[in-house]
Amino acid sequence: MQHRPYNFAPGPATMPESVLTQAARDMLDWNGCGMGVMEMSHRGKEFTSIIEKAERDLRDLLAVPAEFHILFMQGGGLGENAIVPMNLCGPLAGTAQAAEVQTDFVITGGWSQKSAKEARKYAQVNVAASNEGNQHRHLPDPATWQLSSQPRYVHICSNETVFGVEFPSLPDLKALGCDAPLVVDCSSHIASRPVEWDKVGVAFAGAQKNLGPAGVTLAFVRDDLLNQAMPICPSAFNYKNVANNQSMYNTPPTFGIYMAGLVFQWIKDQGGVAAMEQLAIAKSTRLYAAIDASSLYENKVDANCRSRMNVPFFLRGDDGLPLLDAEHPRNAAFLAGAKARGLLNLKGHKSAGGMRASIYNAMPLEGVDALVTYLHDFERTQP
Ligand code: PMP
């Protein structure tokens with residue numbers, strides 16, 4: 001095989017090869033300083049230069065406005081599901097602790113469902129809209145959302161990794177008559193398209209899909225939201241503490257930040273987020289077109305909200321119905337044949353069944369072309 005296998009894993013996911021090669025070169029000696037990054041003090045000048053460049057590059061890439069803090073945290077997306085309410089549901093300036101703090105959630109798949117469940121430990125949760133009744137295949141129209149009168153925040157997951165549902169643009173809460181900040185879990189499509197910061201209060205993302213290895217979580221927090229943490233919020237997860245200490249309140253995930261920094265530089269070298277978006281459009285268009293044109297494969301997500309990053313699909317059985325069970329002989333044969341061609345990790349999430357191709361920024365167009373060729377070839381072998 002001339003190239004590495006194409007890895008369609010949902011995260012941790014494929015990384016740019018040049019980033020891995022660079023990291024291997026730096027492993028024992030970063031920049032001639034005689035230490036590998038894992039061995040450096042997080043407060044030394046070497047690591048300080050790494051994190052400062054990473055933050056600058058990310059701010060630049062995503063055009064993050066000055067009123068947003070960029071925080072390098074730990075805890076992942078699920079950690080943020082608790083960290084967000086603990087930071088946004090405390091006493092407001094000049095008031096006692098509110099008796100019942102309200103939050104609103106829009107459910108568009110498994111990740112927003114998990115977020116709502118976690119928030120219930122800290123606040124009242126109103127499900128403003130849900131696509132559950134439709135097997136998570138459409139986006140509830142914002143005009144139909146039942147927002148509560150004064151929620152502390154409104155949470156969405158802008159790309160649902162499991163069911164492959166993506167908001168084509170962020171909702172404008174102000175236009176819906178709601179002043180609350182929008183909280184966006186953008187874990188699985190960050191840096192694949194520009195962010196509409198004027199609509200956002202907090203955005204967060206684990207790095208392990210589009211930005212680097214697991215262990216780093218990015219949080220983007222608008223300055224005016226730093227002062228309403230609940231007293232129980234752990235100091236290390238308090239946005240204000242983390243912001244005031246340049247993500248060094250406690251030891252940050254240094255190696256992960258260094259790796260993410262290499263990915264930021266790689267994205268810049270590719271032409272930035274605009275280039276990533278064009279590539280994502282090209283890859284996802286080709287893959288959905290191949291699925292839609294076939295009689296063996298199907299994806300039933302509404303065309304207006306199909307994810308450019310995570311493409312779930314099902315093989316049909318002889319009765320025409322989707323084969324959910326990964327152990328079904330046709331699914332097993334599909335996965336084995338894919339693996340033999342160096343197309344890895346196409347099995348769907350256990351809660352959805354079937355298949356899923358995650359085609360993050362680091363997946364080249366050639367990887368998607370190889371998958372499309374395989375889809376055709378496999379279909380021809382079926383009765
Ligand atoms: N949100 C989304 C959209 C995700 O895709 C994931 C992980 N796949 C998570 C949250 C959870 O992230 P973590 O495992 O880093 O906590």
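Just so you know, ligand 1 is whichever comes first in the structure, and atom 1 is the first atom listed for that ligand.
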Determine yes or no for a side-chain-to-main-chain donor-acceptor pair under 3.5 angstrom, with Glu298 supplying the side chain and Phe313 the backbone.
no
Min N/O separation Asn159 to ligand 1 under 3.5 Å
no
Within the 4.0 Å heavy-atom shell around Lys209, which atoms of ligand 1 are there?
4 (C), 5 (O), 7 (C), 8 (N)
Close N or O approach (Gly77, ligand 1; < 3.5 Å)
yes
Residue pairs, two or more places apart or on separate chains, that pass ring pair (Phe, Tyr, Trp, His ring centres under 6.0 Å) and touch residues 263-288:
none
Starting from atom 11 (C) of ligand 1, which protein heavy atom do you reach first, and at what distance in Å?
Trp111 CZ3, 3.5 Å
Option of least heavy-atom distance to atom 14 (O) of ligand 1 (set: Gln74, Gln208, Glu160):
Gln208
What is the nearest protein non-hydrogen atom to atom 10 (C) of ligand 1, stated with its residue, atom name and distance?
Asp185 OD2, 3.4 Å
Residue pairs, two or more places apart or on separate chains, that pass ring pair (Phe, Tyr, Trp, His ring centres under 6.0 Å) and touch residues 183-220:
Phe68-Trp197, Trp197-Phe220
So, does Ser187 sit close enough to ligand 1 that a heavy atom of it is under 4.0 Å from the ligand?
yes
Decide, yes or no, whether a salt bridge links Glu166 with Arg193 under the criterion of side-chain N to carboxylate O below 4.0 Å.
yes
Can the ring centroids of Phe334 and Tyr374 be said to lie less than 6.0 angstrom from one another?
yes
Should you measure from each heavy atom of Cys157, which atoms of ligand 1 turn up under 4.0 Å away?
3 (C)
Checking the N or O distance criterion of under 3.5 Å, is ligand 1 in contact with Gly79?
no
Is ligand 1 under 4.0 Å from a heavy atom in the side chain of Leu78, in the backbone, in both, or in neither?
both
Given Ser294, which of Glu379, Arg316, His376 fulfils the side chain to side chain donor-acceptor pair (under 3.5 Å) condition?
Glu379
Side-chain ion pair, Asp60 and Lys53, N-O less than 4.0 Å:
no
If only atom types and distance count, is the side chain of Asp104 paired as donor or acceptor with the main-chain N or O of Ser148 below 3.5 Å?
yes
In ligand 1, the atoms that come under 4.0 Å of a heavy atom of Thr161 are 2 (C), 3 (C), 4 (C), 5 (O)
If the cut-off is 4.0 Å to any non-hydrogen atom of Gly76, which atoms of ligand 1 fall inside it?
15 (O), 16 (O)
